[in-house]
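So the structure is just underneath, and the comments pick up after that.
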Amino acid sequence: MIHSLFLVNSSGDIFLEKHWKSVVSRSVCDYFFEAQERASEPENVPPVIPTPHHYLISVLRHRIYFVAVIQSEVPPLFVIEFLHRVVDTFQDYFGVCTEAAIKDNVVVVYELLEEMLDNGFPLATESNILKELIKPPTILRTVVNTITGSTNVGEQLPTGQLSVVPWRRTGVKYTNNEAYFDVVEEIDAIIDKSGSTITAEIQGVIDACVKLTGMPDLTLSFMNPRLLDDVSFHPCVRFKRWEAERILSFIPPDGNFRLLSYHVSSQNLVAIPVYVKHNITFREGSSQGHFELTLGPKQTMGKGVEAVLVSSQLPRGVLNTNLNPTQGTYTFDPVTKLLSWDVGKINPQKLPSLKGSMSLQAGATKPDENPTINIQFKIQQSALSGLKVNRLDMYGEKYKPFKGIKYMTKAGKFQVRT
Amino acid sequence: MTDSKYFTTTKKGEIFELKAELNSDKKEKKKEAVKKVIASMTVGKDVSALFPDVVNCMQTDNLELKKLVYLYLMNYAKSQPDMAIMAVNTFVKDCEDANPLIRALAVRTMGCIRVDKITEYLCEPLRKCLKDEDPYVRKTAAVCVAKLHDINAQLVEDQGFLDTLKDLISDSNPMVVANAVAALSEIAESHPNSNLLDLNPQSINKLLTALNECTEWGQIFILDCLANYTPRDDRESQSICERVTPRLSHANSAVVLSAVKVLMKFMEMLPKDLDYYGTLLKKLAPPLVTLLSAEPELQYVALRNINLIVQKRPEILKHEMKVFFVKYNDPIYVKLEKLDIMIRLASQANIAQVLAELKEYATEVDVDFVRKAVRAIGRCAIKVEQSAERCVSTLLDLIQTKVNYVVQEAIVVIKDIFRKYPNKYESVIATLCENLDSLDEPEARAAMIWIVGEYAERIDNADELLESFLEGFHDESTQVQLQLLTAIVKLFLKKPTETQELVQQVLSLATQDSDNPDLRDRGYIYWRLLSTDPVAAKEVVLAEKPLISEETDLIEPTLLEELICHIGTLASVYHKPPSAFVEGSRGVMHKRLPARTGSGESTESPDVGTAAGGSAPEAAPSIIPSQGDLLGDLLNLDMAPPTTSGPPPPTTGMQMGGMDLLGGGLDSLLGGDLGGSPAMGAGFGAAPAVMPASLNAPVGGGLGDLFDLGGGVGMPMGAYIPPKIVWLPAMKAKGLEISGTFARRAGVIQMELILTNKAMSIMTDFAIQFNRNSFGLAPAGPLQVLTPLGPNQTIEVSLPLSTVGPVMKMDPLNNLQVAVKNNIDVFYFSCQYPISMLFVEDGKMERQVFLATWKDIPNDNESQFQIKDCHLNSDAASSKLQGSNIFTIAKRTVEGQDMLYMSIKLSNGIWVLAELRVQAGNPNYTMTTIRRSGS
């Protein structure tokens, strides 16, 4: 099982270590540092690194490497999933997951890690349970603790840990009972030079914020459940009912959680909400290049495309750019060669464009590679796949909750090749 | 106010100060001090000197303080074992606390103190906790057993904790079950032979029930444990699969992958025609695709596993090619894995898309990735024949970019394409030659040299090109030197007149000026070959090369099976068997996929079939001397023995008195087999292992072969079956290769054939016919090739034969002329069958009849041979011969010699009687046979 955990910051210092079994010398991380040096980019460090006696499994989140050490055969995904859980918990407790935040709360961090893993076996990883065991630090609580001398460690056996619904604590009380669901879809796509779609797929999630008193039992039904043929559920969802009736039936955890994530596969036809017209050329023998880019909406179901951000990694030979945007602002970093253009909202009547020239380094040959254009955008009040919630019902409690459902589409990895 | 203040104590005398604070009377101050100590500990400072002071703080009601002290204890108990004992009492007391949280915490912490002296004190509290009324305590205690086992395995066994742990598998609480399984699995890893996780249908049922209710981590443990179980039959297998499938929709990717492992393994047992099998295949694709939309680290592990799954069951993901397309900002390790899977999934249906993508990748920035993309194009060409032309033109386009590493990679793969499709794309050689100068990597240089040498006759200035390489011969790497040597020899053989100087130059460079033994040896071999026998040299150096296979990079099937059983583990990430590299898993038992037990048509798993089919043709080497000569020698004794390189003429045992040609040449035939022929004479007496089976087999495998069984070929009592040999090479039959042998099984003569399609198109409509032959052999039924034979497929058929066909005397007697027809053409070949195949089961003669017959037959019909070097006693020989229907009628012992009297009946009613003399201690037998025409 998981032996030890090392947290490494971007400058390569180990700033925290935790051992669940015997102590593993931190020199084991030297193998990790070697791999880190070899990698051209921080994210290119391989996730599994063998050493003579151990294996190092790492994830990179918020510019911190979480390096787990294992000694025997352990499923790597198990380790990676656990590390994700650690990151999520830190974020949940401290708001951000940064080196500073972790150092500021080092005692809580240790208490958490101690509760999350016992001898390498996961113990309590549900946020609800952890919060009962160890109360998250708040300014008020810190002040109160200093004055009264009380602690932020819970006295009680976390009740949820043994119930059949371990994700929900008992005795929840709210004055305003509310349940919000966000249907968020991200579209990943690769568009080729000519504008035709090579792949397009939708990753969707339904995130919920449920603040309901007691033990409510919810059902959520869809207008078109047929779309959901590839889904991953939160453990609270009753799978049998979904299989039989295509209805989500569940006792929700308290607070924020991800109810389900789904994937609309590349075999279904996916509507592409924006199009890009581009003309990026370098001429042989000339030190100038031509750059032209126009964006336009396409298949957006009448909703506006907002928060558009275009970025592109220009070839290394480009020295500088001289471009004119019709709207928004653009920046070019001559060191990283990253061009980014904050477009804002697309006005279908007056399409935004970015035109101008690029100057090449003196003596540089015509670049071989063509830059790929990355686009980010948001479309409010619409889910691209067309998924629609039909109704939400609550059983088991008498009060009438306030319900709300919101839709949003975002660009995930939306890439246009030129 | 944050905890960072604890890190800021950098003053001198820090330890001293902390010590004072720890011993303070004020609770608050104490706690602050402990926090400071912990903070120092985490950054690696040594605060072990404070051990007694910190342990003193343990006796407290404050839970937070208690936890902090526990934390400290766990870290330093090992270095301060004597001090740690002081803490024992507190643990024992805490284990009886009213609060289950404290009880659990105490038992948990206890297990983490890795001090031998302490462990003994822990057994009693642990035993209590394992039976605690609170499941939270029980589940914590279950893990504690595993911890204790790690420290002192013997103690755990002596105390009977393992049995208690096994009982916990039946616990009412799913969490306890999951932890018990996890603990047992971990313990089992260090005890490979113990039956700790003895799974039976009842315990499986309990696990499956717990699976639905426990945490995600528990589900992983239970699924991994389930994967070790082997269901009794396909129905049990199906029911487990049905209960595991819902896990595929879990949000935790580790649960999903463990579920995939269980399904992939148990699927193996389901009959393929079952509806459920198809449903299951469909259900597996979406979760695998979903894994690819997760974080890159997860993707990497998932991709490594998908690589295995795609090799085992390509049908699962064959429509999902697009999800493996590379995004430009994927981390490099994800890109490379995706590329690998794209090639595995490439087929005629999607090749256009794949090629377009690969071409796109070849213009990216990352050099490693670009190189792999170019290689991938070459692999596509080799894998999908229809795309070869497109691939070649794509590669040529890439060569035009003149990007150095792209050009070099392209040339390396074009070499492979040439080898796969000879005489098809040589028109591009000119383009390749233009780039000769830019090649600086050994592999690319070697590839280019190979191309020049191989196609020297079509390249006008081949000698100049090779000469230019030769200038810096000694600076080249070995790979290039060897290639250059071979290429120049090839060139010389093709254009001997103008390149004599060049070849002499390279031979002297290789043999005289080089320190490399490989190079020297190769040089000498060529030199000798060229100087002694240029014709032979041509045959050797310019021999037809075997085609390269499309999937040279496939994982070997048995390893693949084992890896499929380890999906989701480190082994699957490294594609190595777990025993090979993980320290913790000493002596892990090799896991195998279960065999299909269903009532379905095939009882063997598909890979077994292909493996056998794939290896069989190899077992039949194609070097066969023409046996016609051998028998010819026999029949014309006055003819001089062959003077060429054949084996030396027989020195003994050629007393073929009374050669009776009129009698159908039967005696000579038997005699020939028994050691008369020159080749046989040499081979016959040799120890079986030395005797090349392929030399004997075509001669018809007479009695000599029967004795040969002494080598223990693995058929103790059955009739002798010569190994299969190639009868019809693919070159002569438009890609159809036939190899085969004859066998007598249960009284029926069988012609056992292996048909291999080495052409590129499908073959159908097979039929077979025999020419008239000496014993009236004829097919007793049609040739059973029901399914069309696809390219590179192999099929084994056995054709039952009857002996009622038209008779015509053949020369040699056991010659059989065969015609095979398929949708392409009719092909003819001839083969020889072993005469022993014709010995019938009722060939045992009555003793009286035998005696009378023996006397009846004139001496003229008698022939005598010696069998040399047969180390069998008479009884073993007799039983061995009986397996081939040669029956011993009587045995007598005269003057230390065993005399065996034997009878044989041929399918056409001819009786053969024989006498075998065996002298104890003398490996040479004497055999006398007499023949009587059909009664």
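By convention in this document, chain letters (A, B, ...) are assigned in the order of the sequence lines, proteins followed by strands, and residues within each chain are numbered from 1.
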Say whether [X] and [Y], considering side chains only, have a donor N or O and an acceptor N or O under 3.5 Å apart.
X: B:R247; Y: B:N252; answer: no
X: A:S261; Y: A:Q203; answer: no
X: A:Q71; Y: A:H53; answer: no

Chain B contact via [X] - which portion, at a heavy-atom distance below 4.5 Å:
X: A:H84; answer: side chain
X: A:K193; answer: side chain
X: A:F78; answer: both
X: A:V237; answer: neither
X: A:P50; answer: both
X: A:E17; answer: both
X: A:Y262; answer: neither

Checking [X] against chain A: side chain, backbone, both or neither under 4.5 Å from a heavy atom?
X: B:V573; result: side chain
X: B:L298; result: both
X: B:E186; result: side chain
X: B:N329; result: both
X: B:E360; result: side chain
X: B:K283; result: side chain
X: B:Y328; result: both
X: B:L68; result: side chain
X: B:V326; result: backbone

Specify which of [options] makes the most heavy-atom pairs with chain A at under 4.5 Å.
options: B:D330, B:L257, B:V365, B:V289; value: B:V365
options: B:P246, B:A104, B:A146, B:S258; value: B:P246
options: B:E295, B:H250, B:E216; value: B:E295
options: B:P174, B:P331, B:S253; value: B:S253

- Min side-chain heavy-atom separation A:L16-A:I102 under 4.5 Å: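 Contact flag for A:L16/A:I102 side chains = yes.
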
Salt-bridged, [X] to [Y], with N to O below 4.0 Å?
X: B:E364; Y: B:K335; value: yes
X: B:E32; Y: B:K36; value: no
X: B:R108; Y: A:E114; value: yes
X: A:R85; Y: A:E126; value: no
X: A:R417; Y: B:E357; value: yes

- When rounded to the nearest 0.5 angstrom, what is the spacing between OH in A:Y110 and NZ in B:K35?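 The OH atom of A:Y110 sits 14.5 Å away from the NZ atom of B:K35.
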
At a heavy-atom distance under 4.5 Å, which candidate from [options] has the highest pair count against chain B?
options: A:G412, A:P47, A:S40, A:P235; answer: A:P47
options: A:L260, A:N374, A:V74, A:I14; answer: A:N374
options: A:T125, A:I190, A:D188; answer: A:T125
options: A:V48, A:I70, A:V79, A:V23; answer: A:V48
options: A:H234, A:R316, A:K18, A:E243; answer: A:R316

Compute the ring centroids of [X] and [Y], then answer whether they are less than 6.0 Å apart.
X: A:F121; Y: B:F221; answer: yes
X: B:H566; Y: B:Y574; answer: no
X: B:Y72; Y: B:Y76; answer: yes

Self-check item: Over 12 non-hydrogen atoms of neighbours within 6.0 angstrom of NZ in B:K29
Solution: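 12 or below, so no.
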
